[in-house]
Peer 1: 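Have a look at this one.
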Amino acid sequence: MNRRHFLFGTLSAAALFGSGGTALARHTVWNPCRANLPPDIANHDIVRSAWQGLDPTKVWDCHAHLAGIGDGASGIEMNPRMLSPLHPTEYLQRLFYLNAGCAHEAPGRVDQSYVERLHNLSDGMAPGFKLLLFAFERTHNSSGQPRPELTTFHVPNAYARDVARAHPAYFEWACSIHPYRPDCVEALEAATRDGARAVKWLPPAMGIDPASPACDRFYAALARLDLPLISHAGEEKAVHGAGQAAWGNPLRLRRALDHGVRVIVAHCASLGEDHDEDQGTHGPKVSSFSLFARLMREARYEGRLFGDISAITLRNRQLGVIRTLLERDDWQPRLLFGTDYPLPGILPLVSPRRLAAEKLLDTTAVPVLETLREHNPLLFDFVLKRQLRSGKHHFSAKVFETRPFFDRKPA
């Protein structure tokens with residue numbers, strides 16, 4: 001069973017079997033949403049050294065999600081299943097995502113509280129740090145028509161744009177546009193004029209086959225506008241939709257690459273297995289990460305294919321993936337820092353102690369990181385990834401200085 005599903009299944013059971021289970025969950029997995037860091041942690045050598053050698057104005061978290069329930073004129077939509085205890089897994093997912101974003105106890109102002117918490121967390125980073133906030137497209141069918149009944153959640157482009165405009169010192173934004181939409185090119189051009197830095201896709205959930213010719217006109221526009229595509233690849237269990245799991249196969253992103261699009265493979269396809277489609281549509285199943293690595297080896301994609309390191313430290317990732325990413329010095333210029341916020345705020349999903357036991361992290365960093373996480377999950381994820389080691393190897397400073405990748409040249 002997927003470990004994320006196991007976690008939410010366990011929490012669902014706790015909720016269903018009474019207040020005692022819920023109380024236990026609060027003490028073991030519930031984000032306490034503390035605010036200011038204790039001075040001894042804020043000034044700890046491990047925290048301060050994480051910023052050494054970096055220009056904070058170039059450090060952008062390139063993978064951060066906006067969330068809410070649509071109570072603040074945001075236009076956010078959630079599938080009714082996520083609002084009903086009759087569907088405990090989806091219901092608990094919503095509760096824990098909102099708790100991770102510290103917006104779970106804000107009736108009537110959940111959307112606003114989520115953004116306020118992001119603002120607060122950003123204040124805890126070095127001045128100049130920014131988040132790239134994602135819009136999230138609805139599921140669509142093959143004719144480009146929206147399917148709201150199959151959409152888990154929807155974050156409009158206009159909302160992501162407006163949040164970024166209201167807080168330009170803290171946020172940038174990425175649009176999300178379905179390539180089958182009749183107006184996809186016009187929508188992309190409008191988003192680019194409005195300052196979008198990238199496009200975000202989750203193909204199986206949104207109903208997008210990245211290898212379909214139906215994407216070609218969108219790819220041509222992306223290449224013309226030089227706007228990067230951030231696309232999930234590998235297994236995805238948490239967000240459901242109308243698509244097929246095969247559409248998350250990293251090899252299906254070749255079509256975008258061959259059109260000249262700069263593609264960021266989210267999470268470096270670090271979870272699950274896909275068919276090796278180079279041996280046929282139903283070729284043997286291999287790890288999705290190995291297919292990402294194959295694409296990285298193809299010389300024709302240098303300068304176009306990249307990976308973000310969000311979510312690579314989650315418990316359901318293989319430790320060998322982290323070691324490979326750390327040890328491939330030749331990949332470092334093609335890796336980009338991201339957190340997959342709010343996931344770092346879900347306490348059981350990352351175990352610093354496990355990473356230390358596997359010699360990927362110094363044991364002295366564990367108590368500092370565990371305290372950091374209760375106060376500032378963004379800083380926790382950043383410091384953790386700055387501390388990761390495999391022998392003499394670590395992530396270079398350029399992995400974290402992502403701004404130049406997203407800065408658009410003046411027309």
Side-chain angles (χ1 to χ4, degrees), residues 1-11 25-34 37 41 44 46-47 50 61-65 67 92-93 96-102 117-118 121 124-125 131 232 234-238 266-268 270-272 289 307-326 335 337-390 394-395 399-400:
M1 180 183 292
N2 177 275
R3 291 185 183 181
R4 189 186 296 177
H5 267 197
F6 174 79
L7 168 64
F8 287 122
T10 302
L11 296 174
R26 278 187 176 274
H27 285 292
T28 56
V29 301
W30 203 249
N31 184 347
C33 293
R34 297 190 170 101
L37 282 172
I41 297 297
H44 198 284
I46 288 173
V47 176
D61 174 357
C62 77
H63 195 125
H65 291 276
L92 265 294
Q93 281 180 335
F96 275 81
Y97 289 149
L98 292 181
N99 168 243
C102 297
R117 176 64 170 175
L118 277 174
L121 297 180
M125 307 294 279
L131 291 149
H232 180 96
E235 186 177 13
E236 173 57 46
K237 295 286 190 180
H267 326 304
C268 295
S270 53
L271 182 65
F289 180 71
D308 80 39
I309 61 170
S310 66
I312 63 166
T313 56
L314 299 189
R315 285 178 182 267
N316 57 4
R317 265 51 175 189
Q318 297 295 319
L319 295 173
V321 168
I322 302 176
R323 290 194 173 94
T324 298
L325 292 172
L326 290 167
L335 299 178
F337 167 64
T339 64
D340 207 5
Y341 185 86
L343 291 191
I346 301 179
L347 303 191
L349 292 187
V350 182
S351 173
R353 294 182 183 277
R354 171 177 175 249
L355 295 170
E358 295 294 334
K359 310 300 183 187
L360 289 166
L361 187 66
D362 193 291
T363 55
T364 59
V366 172
V368 177
L369 287 165
E370 289 179 341
T371 302
L372 270 181
R373 178 167 49 183
E374 294 186 354
H375 293 263
N376 192 327
L378 287 179
L379 187 58
F380 160 77
D381 190 88
F382 170 73
V383 174
L384 169 62
K385 286 168 180 167
R386 288 288 279 164
Q387 285 286 316
L388 288 174
R389 296 289 187 274
S390 181
H394 57 89
F395 288 129
V399 172
F400 298 88

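The chain is numbered in sequence order, starting from 1.
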Peer 1: Would you give the length of the straight line joining atom CG of L378 to atom OH of Y341, rounded to the nearest 0.5 angstrom?
Peer 2: 6.0 Å

Peer 1: What residues form a ring-ring contact (aromatic ring centres under 6.0 Å, His included) with F380, not counting sequence neighbours?
Peer 2: none

Peer 1: Evaluate the criterion side chain to side chain contact (heavy atoms under 4.5 Å, CB included) for residue pair C268 and L325; output intermediate values, then yes/no.
Peer 2: CA-CA 9 Å; C268 295; L325 292 172; 3.9 Å; yes

Peer 1: Among all residues two or more places apart in sequence or in another chain, which pass the side-chain contact (heavy atoms from CB on, under 4.5 Å) test with H375?
Peer 2: R34, L37, P38, T371

Peer 1: Holding to side-chain contact (heavy atoms from CB on, under 4.5 Å), I want the full list of residues that pass it with A67, two or more places apart in sequence or in another chain.
Peer 2: Y114

Peer 1: Atom CG in L118, atom NE2 in H65: separation rounded to 0.5 Å?
Peer 2: 11.5 Å

Peer 1: Do L372 and H44 touch side chain to side chain, with heavy atoms closer than 4.5 Å?
Peer 2: no

Peer 1: Taking the side chain as every heavy atom from C-beta outward, state whether N31 and C102 have any atom pair closer than 4.5 Å.
Peer 2: yes

Peer 1: Could you pull out all residues at least two apart from F395 that satisfy ring-ring contact (aromatic ring centres under 6.0 Å, His included)?
Peer 2: none

Peer 1: Out of curiosity, L92 CG to Y97 OH, how far, rounded to the nearest 0.5 Å?
Peer 2: 11.0 Å

Peer 1: Please check if the side chain of R315 supplies one atom and the backbone of S351 the other of a donor-acceptor pair under 3.5 Å.
Peer 2: no

Peer 1: Please name the pair of heavy atoms, one in D61 and one in G338, separated by the smallest distance, quoted to 0.1 Å.
Peer 2: OD1-CA, 3.2 Å

Peer 1: Using 0.5 Å steps for rounding, measure from the CZ atom of R323 to the CG atom of L388.
Peer 2: 11.0 Å

Peer 1: Could you pull out every donor-acceptor pair under 3.5 Å between side chains of residues 355-362 and any protein atom, sequence neighbours left out?
Peer 2:
{"from": "D362", "atom 1": "OD1", "to": "T364", "atom 2": "N", "distance (Å)": "2.8"}
{"from": "D362", "atom 1": "OD1", "to": "T364", "atom 2": "OG1", "distance (Å)": "2.6"}

Peer 1: Mind checking what makes salt bridge (Lys or Arg N to Asp or Glu O under 4.0 Å) contact with R386, not counting sequence neighbours?
Peer 2: none

Peer 1: Restricting to side chain to side chain donor-acceptor pair (under 3.5 Å), what partner residues turn up for S390, sequence neighbours left out?
Peer 2: E327

Peer 1: For L319 and R354: C-alpha separation, side-chain torsions, deciding distance, then whether side chain to side chain contact (heavy atoms under 4.5 Å, CB included) applies.
Peer 2: CA-CA 10 Å; L319 295 173; R354 171 177 175 249; 3.5 Å; yes

Peer 1: What closest approach, in Å, do P342 and A100 show between heavy atoms, and which atom pair accounts for it?
Peer 2: O-CB, 3.2 Å

Peer 1: For the residue pair E235 and G272, what are the closest heavy atoms and their distance?
Peer 2: OE1-CA, 3.5 Å

Peer 1: Taking all heavy atoms of R353 and all of V366, pick out the closest pair and write down the distance.
Peer 2: CG-CG1, 3.5 Å

Peer 1: For I46 versus A365, what's the shortest heavy-atom pair and its separation?
Peer 2: CD1-CA, 3.5 Å

Peer 1: Which residues pass the ring-ring contact (aromatic ring centres under 6.0 Å, His included) test with H232, sequence neighbours left out?
Peer 2: H267

Peer 1: L271 and side chain to side chain contact (heavy atoms under 4.5 Å, CB included): which partner among L314, N316, I312?
Peer 2: N316

Peer 1: Counting distance only, does the side-chain N/O of N376 pair as donor-acceptor with the main-chain N or O of L121 below 3.5 Å?
Peer 2: yes

Peer 1: Tell me, please, which residues at least two apart from R389 pass side chain to side chain donor-acceptor pair (under 3.5 Å).
Peer 2: none

Peer 1: Which residues pass the salt bridge (Lys or Arg N to Asp or Glu O under 4.0 Å) test with D381, sequence neighbours left out?
Peer 2: K385

Peer 1: I need the minimum non-hydrogen distance between R373 and P352, along with the two atoms involved.
Peer 2: NH2-CD, 3.9 Å

Peer 1: Could you check whether any side-chain N or O of D340 sits under 3.5 Å from a backbone N or O of S310, counting only pairs where one atom can act as donor and the other as acceptor?
Peer 2: no

Peer 1: Working to the nearest 0.5 angstrom, can you tell me the gap between F337 CZ and I309 CD1?
Peer 2: 6.5 Å

Peer 1: Return the OG1 to CD distance between T324 and Q318, rounded to the nearest 0.5 Å.
Peer 2: 11.0 Å

